[in-house]
Number of protein chains: 2
Amino acid sequence: MTIRPTIADVAREAGVSKGLVSFALNDRPGVAAETRDRILSVANALGWRPSVRARSLSTDRSFALGLVIARDPEIISSDPFFPAFIAGIEGALAPAGQALVVSMVSNEEAEVASYRQLAAHDRVDGVILTDLRRNDPRIALLEGLRLKAVTLGHPDVESSFPAVAVDDGPGIHSAVEHLAALGHRRIAHVAGPSSMLHGGRRSQSFIDALRALGLASDLVVETDFSAAGGAKTTAALLDLDEPPTAIVFANDLMAIAGLGVAQRRGLRVPDDLSITGFDGSDIGAYLYPSLTTVTTPVLEWGRASAELLLRSVIGDDDVHDIELPAAQLLVRMSTAPPRTIR
Amino acid sequence: MTIRPTIADVAREAGVSKGLVSFALNDRPGVAAETRDRILSVANALGWRPSVRARSLSTDRSFALGLVIARDPEIISSDPFFPAFIAGIEGALAPAGQALVVSMVSNEEAEVASYRQLAAHDRVDGVILTDLRRNDPRIALLEGLRLKAVTLGHPDVESSFPAVAVDDGPGIHSAVEHLAALGHRRIAHVAGPSSMLHGGRRSQSFIDALRALGLASDLVVETDFSAAGGAKTTAALLDLDEPPTAIVFANDLMAIAGLGVAQRRGLRVPDDLSITGFDGSDIGAYLYPSLTTVTTPVLEWGRASAELLLRSVIGDDDVHDIELPAAQLLVRMSTAPPRTIR
DNA sequence: TTGTACGCGTTATCAT
DNA sequence: ATGATAACGCGTACAA
């Protein structure tokens, strides 16, 4: 039963004052080199570690970052983004001695309550804002709460927070060009909600890409990123008098559900229908046919976000937006020339 | 710019001492009812909230629980368990004003380091121990670290921690009986690692179920719960001189990969091969064919674990093991009579 | 370099 | 029984 040594123990043992110990341990000037060494060796010998709690109280910092995940309970288990993203965050936090506080909620009301709670309880120094929405109220909320933050992507409202962005555009463009090169002319898009910035951005990229190729872009259907939504929307597209020969889905989950719908109808993918996803989930590689998709550097996104937020928290001047490598097309087996030109 | 009121402000305003305010706010005896009311109304009027940081320092509690997730980077994104489990935990923690600290690591070394870090930094009062292993060293580690804990399932070593268990057995039994009732006689099992308790338990249940039916149980192959492992193992089974007509997978991820392998070989599921999974992931419902699987009450598991751990942390006497409703078979479309008897 | 006040609740000790 | 006082936990900051 060894009681944990405090800074006072170190001071006594080294024959100096508490304050000087603090200076020595934080590498601050004003300590004679010799004294500093003595203090450090005593601290080491005693096995002294700073108390995060005491430091929190006196420095008004939590040494932790927060992540509030708002997801429909139905999607939450199948979303490949957050586990990888959290792993990325961890890569930046653990070496820095910081912790990650995670909150998972299922609706916007609970989401706001969660941010308020994190702030009221001083749980975190800053939060990572994901799934940016149009006119996102959370930005003003967080500013009001005096939390630091970084946003994943650039918000469409005035924001005092730095952004870490990955451009979806090139990936969607590549997907469309890939399909067009295979001979597809009637290409549909199953989009995420336009109320979400990345949902809207992906469908805009889709439309731009089609226009650039001189193709019609009337087959854009919006739904909610869920498997159920993807299935329903795919069914509706296939019910059209002139159904598409290829569908670009805004995420893998909807693409997988769409694949199931097509197969259930006896269509062969990719022969009768080509399909592309978005996310680059591993599971897509094991489906039959394996899913052509667009990959994003999720792990790196998490790491970079956490690092930037950490710098922002300590008041680093060098805090500015970061642009990560863009999303990239990963061609697998769910795309092929349309039946008509085979 | 309103500065947050402290307990001293309340005391001054109410004309009493700091200590008495604390007693009143914590519902402790020794405060006149009248005085108590006055103090509470002043606190209320001032909008006073206790500082978690100060409380942490003086009570030696963190008011937070920890969850260390150790997963191969490749599986991490496709595992449906943790997002739902965390959502369940959240359901118990948020109302109690507690936070959840999550750490995600990719190997055992980092896992141990993570627990040590949580303890050394006093980040959490207790942790939820998932994925119990044979002779799990983490139990002794946590006891040594003086962290409270609950285990998911019953460990095979001496443990001072309460357990929250879900019996996998009935689900596996039902799956086997379901397949046998359909006419299958040659049923294989793609198991998780036997070094993991639930991996071993599921395969033992599988063997027991087959024996009870008087069927041979020689087709048990162990792999690692990953899609890659599931695919490889399925391929090996299908390569046998006398391949199985049905495969019971120990989780959905492997089942989905196995489904892909079968289909890639031109086998039709369920006509040529029946497949069952384990987890009850939503995505399984959208595949073609939809996946017959075994569901576990994951959300409830998270909630119950967090509640129990919280009680353990505050020293509640009423802390004992909890048995949740057992896993249940969910029949969908990936199982059918074998071709031989159609 | 040192001494000491400070941050903010909790709790043990004392006085009435 | 009711309330006040002061020590405590542990670093940090600032005057001396």
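Predicted model, so just to flag it, every value in this text is computed and none were measured. Naming convention: chains lettered A, B, ... in sequence-line order (proteins, then strands); numbering from 1 in each chain.
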Notebook entry, point to check: Hey, does the side chain of A/Trp301 reach the backbone of A/Val164 with a donor-acceptor pair shorter than 3.5 angstrom?
Noted result: yes
Check: Between atom CZ in A/Phe63 and atom P in D/dC10, what is the gap in whole Å?
Finding: 16 Å
Margin query: Taking the basic N atoms (NZ, or NE/NH1/NH2) and the acidic carboxylate oxygens, is any pair closer than 4.0 Å for B/Arg311 and B/Glu307?
Written below: no
Next item on the list: Remember a base hit wins even if backbone is also touched, and classify B/Val16 as base, sugar-phosphate or nothing at under 4.0 Å, heavy atoms.
Entry: sugar-phosphate
Margin query: Side-chain N or O of A/Thr35 versus OP1/OP2 of C/dT1: is the shortest distance under 4.0 Å?
Written below: yes
Checklist line | Whole-Å gap separating P (D/dC10) and CG (B/Leu57) | finding: 7 Å
Item checked: Length of the CG-C1' vector between A/Asp122 and C/dG7, whole Å -> 12 Å
Check: Quick check: does any side chain N or O of A/Asp321 sit under 3.5 Å from a backbone N or O of A/Pro162, one acting as donor and the other as acceptor?
Finding: no
Margin query: Just the rounded figure in Å: distance from C1' of C/dC8 to CZ of B/Arg49.
Written below: 16 Å
Next item on the list: Summarise protein proximity over nucleotides 10-16 of chain C in one line of letters, 5' to 3': B for base, S for sugar-phosphate only, - for none, counting protein heavy atoms closer than 4.0 Å.
Entry: BB-----
Next item on the list: Flag the pair A/Glu111 and A/Arg138 as a salt bridge only when some basic side-chain nitrogen lies within less than 4.0 angstrom of an acidic carboxylate oxygen.
Entry: yes
Checklist line | For the student: nearest non-hydrogen atoms of B/Thr151 and B/Pro155, plus distance | finding: OG1-CD, 3.6 Å
Checklist line | Interatomic distance where CZ belongs to B/Arg53 and P belongs to D/dT12 [whole Å] | finding: 14 Å
Checklist line | Nearest to side-chain heavy atoms of A/Ser17, which nucleotide of D/dG11, C/dT2, D/dA4 | finding: C/dT2
Next item on the list: Flag yes if more than 12 heavy atoms outside B/Glu108 fall under 6.0 Å of its CD atom; otherwise flag no.
Entry: no
Check: Do A/Leu118 and A/Val127 have side chains that get closer than 4.5 Å, going by heavy atoms?
Finding: yes
Margin query: I need the CZ-C1' distance between A/Arg61 and D/dC10, as an integer number of Å.
Written below: 17 Å
Margin query: Please classify the nucleic acid contact of B/Ala8 as base, sugar-phosphate, or nothing, using heavy-atom distances under 4.0 Å.
Written below: nothing
Item checked: Net bend of the helix from C/dT1-D/dA16 to C/dT16-D/dA1, end axes of five pairs each, nearest 10 degrees -> 60°
Check: Parallel, tilted or perpendicular for A/Phe82 and A/Phe85, by the 30°/60° rule?
Finding: perpendicular
Check: Just how far, in rounded Å, is P of D/dC10 from CG of A/Asp9?
Finding: 9 Å
Checklist line | Lys/Arg N to Asp/Glu carboxylate O, B/Asp122 vs B/Arg61, below 4.0 Å | finding: no
